[in-house]
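Reviewing the structure listed below.
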Amino acid sequence: MLSRRHIRVKVMQVLYAFNGTESDDFGKDKRFLLSSIDNMYNLYLLNISLLIEVQKRAEDYITKSQNKHLATQEEKNPNRKFVNNEVLKMLAENEQLQAKFEEYNISNWELDGEYVDLIFKAILKSDLYKEYTETRTSSFKEDKAFVEDIFKEIIAPNEKLYDYLEDKKLTWLDDLPTVNTTVLKLLRKVKSDSSPFHFIPKLYKDLEDKDFAVNLFTKTLLNQNALLAEITKKTTNWDSERIAQIDMLLLKMGVCEIQNFPSIPTKVTINEYLEISKEYSTPKSRIFINGILDKLVKEYESEGKLNKIGRGLM
């Protein structure tokens, strides 16, 4: 689920919050980093549980409509297509997923059920729902397409839900695009005979990614003075205090990565930090960061200090 770029963003955020001096007593901050990354999984489970709760609302809605004193014929014999949606039922009946909800204490919608109602009402009013319920039966393929569409067009872009998530945890706003993309990918790939673990993705692709997060954080933090000295050599015409704080931090991380991660191509490193700067820093940051990192790479190459292994890593 986590990309290397998102790992870099998480490291940047924790280093920015740390904003301290070199120290070997950074256990608390390392735990905060891993906790911040782990919280991304909470957000994923929260999104999946919302789909399940919306399906429950549909069931409740039908039951209440049927029990009306003057229920219409349509209310007495409702279209149960949404309630019987095979993908939603697959999620609701997934025991492994329920265990994950318990493990991560995902119970938000019990206390904040108004957001479930908000999404459910938006679905009922949508053209997607009207088209879906024109018939009373459907295939797994149609059920899957409907869930994909309501997530993509109704749930993901909902502003009130966005505000709710921001209030719960500010860092979730950076995680949301990655989490939403993960949910959609899993919905698109699900099959009627998919494993129960299909909707339980790994947070890290492999252990190397987790090690990368910890090592990038610790090596940048422990070598701030040396990294600053390297950057200062290439910014003699700049007042260091006038360099944007995020730019300086991204430069330190970039230099650290170039120096200490031999399996990562220098082009990948530079491109990743340029992309991050576009989102988190100033419009001119991209050009500035690219210039400094490019100069340092050329210097390391000419002096034989560029420690890169494997093909295509220059």
Side-chain angles (χ1 to χ4, degrees), residues 43-68 70-98 101 106 108-110 112-165 176-201:
L43 179 59
Y44 165 76
L45 292 173
L46 197 60
N47 270 285
I48 291 293
S49 67
L50 178 57
L51 286 170
I52 296 172
E53 292 302 318
V54 166
Q55 192 249 13
K56 289 180 182 178
R57 282 294 190 280
E59 182 74 69
D60 292 342
Y61 178 77
I62 285 177
T63 301
K64 289 177 181 177
S65 297
Q66 287 177 317
N67 292 334
K68 282 183 181 178
L70 297 174
T72 65
Q73 188 59 38
E74 184 179 349
E75 288 171 331
K76 291 178 181 178
N77 184 30
N79 187 331
R80 298 183 61 84
K81 193 171 178 179
F82 187 13
V83 173
N84 294 329
N85 183 287
E86 290 188 62
V87 175
L88 295 178
K89 288 179 70 176
M90 180 185 288
L91 291 172
E93 296 169 2
N94 188 318
E95 294 180 1
Q96 285 77 12
L97 197 52
Q98 294 299 326
F101 292 154
I106 304 299
N108 297 56
W109 309 126
E110 294 176 14
D112 302 314
E114 65 268 26
Y115 292 95
V116 180
D117 292 330
L118 180 78
I119 296 298
F120 177 59
K121 289 175 182 177
I123 292 172
L124 289 184
K125 292 179 182 178
S126 69
D127 290 336
L128 289 172
Y129 181 79
K130 291 174 185 175
E131 293 172 8
Y132 180 64
T133 54
E134 284 178 353
T135 61
R136 286 178 173 257
T137 60
S138 63
S139 63
F140 185 87
K141 183 179 180 181
E142 185 185 355
D143 284 350
K144 180 172 72 168
F146 175 69
V147 178
E148 283 180 49
D149 288 341
I150 62 171
F151 185 83
K152 180 173 60 178
E153 298 185 26
I154 296 175
I155 296 176
N158 188 278
E159 291 184 5
K160 290 185 178 179
L161 183 61
Y162 182 90
D163 291 341
Y164 168 79
L165 295 173
L176 200 53
T178 299
V179 167
N180 286 344
T181 298
T182 298
V183 172
L184 281 173
K185 282 182 178 178
L186 293 175
L187 288 172
R188 286 174 185 146
K189 292 180 179 180
V190 70
K191 299 177 181 178
S192 57
D193 59 351
S194 286
S195 161
F197 294 96
H198 176 81
F199 285 105
I200 306 177

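Predicted model, so just to flag it, every value in this text is computed and none were measured.
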To check you understand the geometry: which heavy-atom pair defines the closest contact between [X] and [Y], and what is its length?
{"X": "Y164", "Y": "D112", "result": "OH-OD2, 2.6 Å"}
{"X": "K189", "Y": "S194", "result": "O-OG, 4.4 Å"}
{"X": "P157", "Y": "K152", "result": "CD-O, 3.3 Å"}
{"X": "L186", "Y": "Y44", "result": "CD1-OH, 3.3 Å"}

Could you state the interatomic distance from [atom1] ([X]) to [atom2] ([Y]), rounded to the nearest 0.5 Å?
{"X": "K130", "Y": "D127", "atom1": "NZ", "atom2": "CG", "answer": "5.5 Å"}
{"X": "N94", "Y": "I48", "atom1": "CG", "atom2": "CD1", "answer": "10.0 Å"}
{"X": "N79", "Y": "T133", "atom1": "CG", "atom2": "OG1", "answer": "5.5 Å"}
{"X": "I106", "Y": "N47", "atom1": "CD1", "atom2": "CG", "answer": "10.0 Å"}
{"X": "I123", "Y": "Q55", "atom1": "CD1", "atom2": "CD", "answer": "11.0 Å"}
{"X": "K144", "Y": "M90", "atom1": "NZ", "atom2": "CE", "answer": "9.5 Å"}

Can you tell me if Y61 has over 12 outside heavy atoms packed within less than 6.0 Å of its OH?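 No - once you tally the heavy atoms of other residues, nucleotides and ligands closer than 6.0 Å, there are 12 at most.
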Do [X] and [Y] come within less than 4.5 Å of each other through their side chains, counting heavy atoms only?
{"X": "V54", "Y": "L88", "answer": "no"}
{"X": "Y115", "Y": "N158", "answer": "no"}
{"X": "V147", "Y": "L91", "answer": "no"}
{"X": "F151", "Y": "N180", "answer": "yes"}

Do Y132 and N85 have side-chain atoms, one donor and one acceptor, less than 3.5 Å apart?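 Per modelled atom types, Y132 and N85 side chains form a pair under 3.5 Å.
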I'd like to know if E59 pairs up with K56 as an ion pair, taking the criterion as any Lys NZ or Arg NE/NH1/NH2 lying under 4.0 Å from an Asp or Glu carboxylate oxygen.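 Answer for the salt bridge query: no.
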Where do V190 and F199 land on the side chain to side chain contact (heavy atoms under 4.5 Å, CB included) test, with the steps shown first? CA-CA 9 Å; V190 70; F199 285 105; 3.7 Å; yes
For E93, enumerate each residue passing the side-chain contact (heavy atoms from CB on, under 4.5 Å) test, keeping only those at least two apart in sequence or located in another chain.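 Here the qualifying residues are K89.
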Would L161 and L118 count as a side chain to side chain contact (heavy atoms under 4.5 Å, CB included) here? Give the steps. CA-CA 9 Å; L161 183 61; L118 180 78; 5.6 Å; no
R57 side chain to G113 main-chain N or O, any donor-acceptor pair under 3.5 Å?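 Looks like yes, one N/O pair under 3.5 Å.
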Set out, in order, the CA-CA distance, both residues' side-chain angles and the distance that settles side chain to side chain contact (heavy atoms under 4.5 Å, CB included) for I154 and D149, then state yes or no. CA-CA 8 Å; I154 296 175; D149 288 341; over 6 Å; no
Do F82 and I62 pass the side chain to side chain contact (heavy atoms under 4.5 Å, CB included) test, and can you show the C-alpha distance, the side-chain angles, and the key distance before you say yes or no? CA-CA 10 Å; F82 187 13; I62 285 177; over 6 Å; no
